[in-house]
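All values below come from the heavy atoms of this structure, side chains included, with hydrogens, waters and symmetry mates left out. Fair warning: this is a prediction, and the values are worked out from it, not measured in the lab.
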Amino acid sequence: QVQLVESGGGLVQAGGSLRLSCAASGGTFSSYTMGWFRQAPGKEREFVAAISWNGRITRNADSAKGRFTISRDNAKNTVYLQMNSLKPEDTAVYYCAARTTGWNPQSRSYDYWGQGTQLTVSS
């Protein structure tokens, strides 16, 4: 079975930067589409970014374009989300997700999910 563990969240000033990490164990990480989603209080979980199994294709939500970069290191079974120019509206719990087959990055039908890591951006 696949386990995903997010880390790197915390409290950041608006305009600052932070990098989230997601470490995967079990399964075949190098064959999975990986994604980042986030959920703020009272809101639906929303897509942030996704990356194909080989890192050749990425997709960002409009809110993340120009600010967030998703990447992966298959040798470490780890996916990252570099977040720059952070805004208070980025405050949310960020979840890592793995899709075992296909490329449907914005879909919430990923097969595995982590427990999430909290990001709080202060004004």
Side-chain angles (χ1 to χ4, degrees):
Q1 306 307 107
V2 175
Q3 294 84 43
L4 305 174
V5 180
E6 302 95 335
S7 63
L11 177 63
V12 186
Q13 286 262 79
S17 298
L18 201 67
R19 188 180 74 163
L20 305 183
S21 298
C22 172
S25 60
T28 308
F29 174 82
S30 60
S31 71
Y32 299 163
T33 293
M34 299 298 297
W36 286 98
F37 291 74
R38 68 186 184 187
Q39 188 167 21
K43 295 186 177 181
E44 295 285 328
R45 188 171 298 184
E46 67 174 347
F47 171 77
V48 177
I51 187 166
S52 63
W53 68 273
N54 60 1
R56 292 288 294 170
I57 306 171
T58 60
R59 175 75 179 272
N60 283 181
D62 288 343
S63 61
K65 290 178 181 176
R67 300 190 301 125
F68 294 2
T69 302
I70 188 170
S71 62
R72 68 192 297 161
D73 184 343
N74 285 351
K76 294 183 176 181
N77 286 0
T78 302
V79 63
Y80 306 95
L81 185 68
Q82 178 67 47
M83 303 179 291
N84 300 323
S85 301
L86 286 164
K87 305 173 181 179
E89 51 262 47
D90 294 319
T91 295
V93 176
Y94 283 72
Y95 296 91
C96 176
R99 187 183 182 95
T100 57
T101 60
W103 172 252
N104 193 1
Q106 294 192 18
S107 173
R108 293 186 63 200
S109 61
Y110 282 66
D111 300 293
Y112 301 99
W113 295 83
Q115 294 295 316
T117 185
Q118 175 73 49
L119 169 68
T120 302
V121 183
S122 61
S123 60

Shortest non-hydrogen contact from L4 toward A98 | CD1-N, 3.8 Å
Steps toward salt bridge (Lys or Arg N to Asp or Glu O under 4.0 Å) verdict (D62, K65) | CA-CA 5 Å; D62 288 343; K65 290 178 181 176; 3.0 Å; yes
Which of Y32, W53, Y110 passes side-chain contact (heavy atoms from CB on, under 4.5 Å) with R99? It is Y110
F29 six-ring centre to R72 NZ/CZ under 6.0 Å and within 45° of normal | yes
Residues W113, C96; criterion side-chain contact (heavy atoms from CB on, under 4.5 Å); working and verdict | CA-CA 6 Å; W113 295 83; C96 176; over 6 Å; no
Could you state the interatomic distance from OH (Y95) to SG (C22), rounded to the nearest 0.5 Å?
-> 13.0 Å
Got a donor-acceptor contact below 3.5 angstrom from the Q3 side chain to the Q1 backbone?
-> yes
Look at the side chain of T117 and the backbone N and O of G9, then say whether any donor-acceptor pair between them is shorter than 3.5 Å.
-> yes
Considering all heavy atoms of both residues, which atom of D111 and which atom of T101 are nearest to each other, and what is their separation?
-> OD2-N, 4.4 Å
Is the backbone N or O of S85 less than 3.5 Å from a side-chain atom of R67, with the two atoms forming a donor-acceptor pair by type?
-> yes
Can you tell me if CD on Q115 sees more than 12 non-hydrogen neighbours from other groups inside 6.0 Å?
-> no
Approximate separation, where rounding is to 0.5 Å, of T120 OG1 and D90 CG = 11.0 Å
Establish whether W36 and V2 are linked, either directly or via other cluster members, by ILVMFWY side-chain heavy-atom contacts under 4.5 Å.
-> yes
Near E44 CD, under 6.0 Å, is it more than 12 heavy atoms from other residues, nucleotides or ligands?
-> no
May I ask you to decide if T69's main-chain N or O and N84's side chain share a donor-acceptor pair within less than 3.5 Å?
-> no
Could you tell me whether the side chain of E6 reaches within less than 4.5 Å of the side chain of L20, counting heavy atoms only?
-> no
For I51 against W103, the heavy-atom pair lying closest together | C-CZ3, 3.6 Å
For the hydrophobic clusters of this structure (ILVMFWY residues joined by side-chain heavy atoms under 4.5 Å, transitively), does one cluster hold both V12 and F68?
-> yes
Between T58 and S71, is there a donor-acceptor pair closer than 3.5 Å when you use the side chain of the first and the backbone of the second?
-> no
Looking at A92 and A40, what are the two nearest heavy atoms and their distance?
-> CB-N, 3.9 Å
Minimum-distance pair of heavy atoms, taken over all atoms of A64 and N60 = O-OD1, 4.1 Å
Would you tell me whether Y94 and R38 have side-chain atoms, one donor and one acceptor, within less than 3.5 Å of each other?
-> yes
Results of ring-ring contact (aromatic ring centres under 6.0 Å, His included) for F47 - residues two or more places apart only = F37
If you measure from OG on S52 to CD1 on I57, what distance do you get to the nearest 0.5 Å?
-> 4.5 Å
D73 to Y80 - nearest heavy-atom pair and separation | CB-CE1, 4.1 Å
Residue among L11, L18, T91, L81 satisfying side-chain contact (heavy atoms from CB on, under 4.5 Å) with L119 = L18
